[in-house]
Amino acid sequence: MPQNIVSVWILGDQLLQKHPAIVVAEEAHGRENVRVVLIESTERIGLLPYQRKKIVLLLSAMRHYVEELRTAGYAVDYIRATGFIAGLHQHLKKHKSEQLFVMAASEYDTRHMQQQELAQLLDLPVQVLPNTQFLVEQYNPNPHPQSGKHYIMETFYRDMRRHFHLLLEEDGTPIGGKWNYDEMNREPLPRQFEVPPPPGFEPDKMTLEVMQQVADAEHGIGSAEGFDLAVTREGAQKALDDFIALRLHDFGPYEDAMSTKESALYHSQLSPYMNIGLLESLDIVHAAEAAYHRGHASLNSVEGFIRQVIGWREFMYWQYWQQMPDLRTSNTWHAKRPMPLMFWNGQTKMNCINHVSNRVLDTGYSNHIERLMIVCNFCLLAGVDPAAVAEWFLACYFDAYGWVVLPNVIGMGMNGDGGRIATKPYIASANYIHKMSDYCESCHYSPKQRTGPNACPYNYLYWNFLIENEAKLRANPRSGQNVLGLRHINGAQRETIQEEATQFLTALAYYEPDPEETKNENVSHRDEMK
Ligand code: SF4
């Protein structure tokens with residue numbers, strides 16, 4: 001039997017080309033003594049009724065990663081077990097390893113388990129290596145947040161740009177003279193437009209097997225049919241190249257646009273690959289920056305895209321670790337309603353929600369502004385519990401993991417964290433949706449009417465929210481403006497708004513989870529999926 005056998009456990013969202021646990025284990029013990037294990041946990045996959053394409057992506061990418069490692073000469077176990085610990089026991093029974101190496105999970109509960117419980121559960125020394133999937137794990141721009149003033153996303157973004165030397169002149173000032181070109185990036189789409197579609201990837205034999213397995217499982221949303229995402233690093237790189245070549249140039253102006261025709265528009269759709277380790281942040285932003293220097297993409301598009309990656313994405317992860325574990329139950333607006341059923345079944349006469357929810361249920365995707373201004377905006381105005389909204393995101397979106405959903409949905413979209421992520425609630429009436437999309441043109445409701453049988457629910461819910469929370473909104477200098485419009489609404493009109501909002505919310509159907517599907521009621525154990 002070989003001596004000094006050690007094991008490396010790799011989580012399903014850690015499919016990195018250079019996994020630090022492999023690197024360290026190999027340096028210390030030699031490749032021939034390293035045993036790698038990946039575990040497909042039925043317990044974890046069954047925590048929520050996940051969108052089926054999301055599960056196909058994760059499982060197929062894991063299995064392709066195993067092949068990649070085996071081709072590189074590693075001994076790898078791919079184990080299907082009830083849970084992670086059962087899978088690890090199975091692996092250790094076979095290999096009798098002397099030590100286990102892991103990379104710190106990106107999510108709270110799993111990292112806690114790795115750091116506090118794993119060694120005891122396995123009766124084995126465990127070395128937890130720093131996570132290399134996020135830039136803020138290498139450079140924390142604000143290591144003492146409690147001592148300073150409110151650290152907003154824009155400041156974070158500029159600090160990150162300075163540190164990683166992105167879009168900067170030699171003297172450290174931003175290229176073009178400005179840090180942010182957001183004011184150029186709020187265009188609705190022209191009436192006629194044609195976007196080069198993102199590349200589709202024909203499923204290979206391994207992916208087809210996963211699709212069959214996922215289709216056969218009772219638990220899940222939507223269909224595995226039509227799955228065409230990349231499942232390898234090579235495929236993800238092709239998706240990146242395609243975006244840079246064909247859609248980056250127009251990404252900026254239309255990044256907040258929405259359309260009945262499609263959701264992806266000029267968006268990169270690279271987040272599912274980044275979030276499981278097939279693409280890495282710096283490679284992506286360097287590719288975008290190089291496109292600008294080649295004259296291939298406009299500055300406002302490249303700056304806007306880089307801000308999404310190293311500003312928004314990294315800020316979400318940074319905030320997650322600042323605010324956990326309290327973030328999962330943060331609920332500043334004391335919202336208590338369950339998730340409206342229309343998001344889970346796509347059945348509603350509200351055209352925008354109909355389009356967005358059906359797309360998400362079918363494909364696992366809608367663009368970021370639909371997530372914020374259609375889904376979260378509605379739920380915030382309707383008083384839906386932020387944890388219920390987060391659960392819907394985690395189940396349905398193909399790129400949704402706890403570290404991004406909790407800050408983005410509970411913090412940013414639902415403003416549940418008291419303004420630590422977004423300094424004001426993102427709320428809007430139908431006016432915004434009408435301006436930025438064509439949803440309202442073919443809707444049963446009228447975006448122009450505030451009350452009455454044909455009035456858009458966003459309208460009376462918006463005004464109702466302002467009436468109910470007037471004092472609190474006024475107290476915040478950033479949201480005080482919202483309530484100014486209330487000066488023009490008299491007492492009788494206020495009453496009508498409140499009555500219609502109440503009637504609508506009372507008549508709305510709400511999601512009641514199947515008790516079998518949600519045996520574990522604690523969101524704390526449901527914010528992750530690997
Ligand atoms: Fe959505 Fe209201 Fe517009 Fe209909 S009218 S699409 S419900 S915003």
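Counting starts at 1 for both ligands and their atoms, in listed order. Just so you know, these numbers come straight off a predicted model, no measurement behind them.
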Examine all N, O or S atoms of Cys443, backbone included, and report whether one is under 2.8 Å from atom 4 (Fe) of ligand 1.
yes
May I ask you to decide if the ring planes of Phe156 and Tyr151 are parallel, tilted or perpendicular, using 30° and 60° as cut-offs?
perpendicular
Who's the nearest protein heavy-atom neighbour of atom 1 (Fe) of ligand 1, and how far?
Cys352 SG, 2.4 Å
Relative to each other, are the rings of Phe243 and Phe305 parallel, tilted or perpendicular (30° and 60° limits)?
tilted
Report the relative orientation of the aromatic rings in Trp344 and Trp392; use parallel for angles under 30°, tilted for 30 to 60°, perpendicular for over 60°.
perpendicular
Hey, looking at atom 8 (S) of ligand 1, which of Ser446, Ser429, Cys456 has the closest heavy atom?
Cys456
With under 30° as parallel and over 60° as perpendicular, where do the rings of Phe134 and Tyr317 fit, or are they tilted in between?
parallel
Is it true that Arg359 and Glu370 make a salt bridge, defined as a side-chain N closer than 4.0 Å to a carboxylate O?
yes
Is there an N/O/S atom in Cys440 that lies less than 2.8 Å from atom 3 (Fe) of ligand 1?
yes
With a 4.0 Å heavy-atom cut-off (strictly under), which part of Tyr439 contacts ligand 1: side chain, backbone, both or neither?
both
Could you check atom 5 (S) of ligand 1 against the protein and tell me its nearest heavy-atom contact, residue, atom and distance included?
Tyr445 O, 3.6 Å
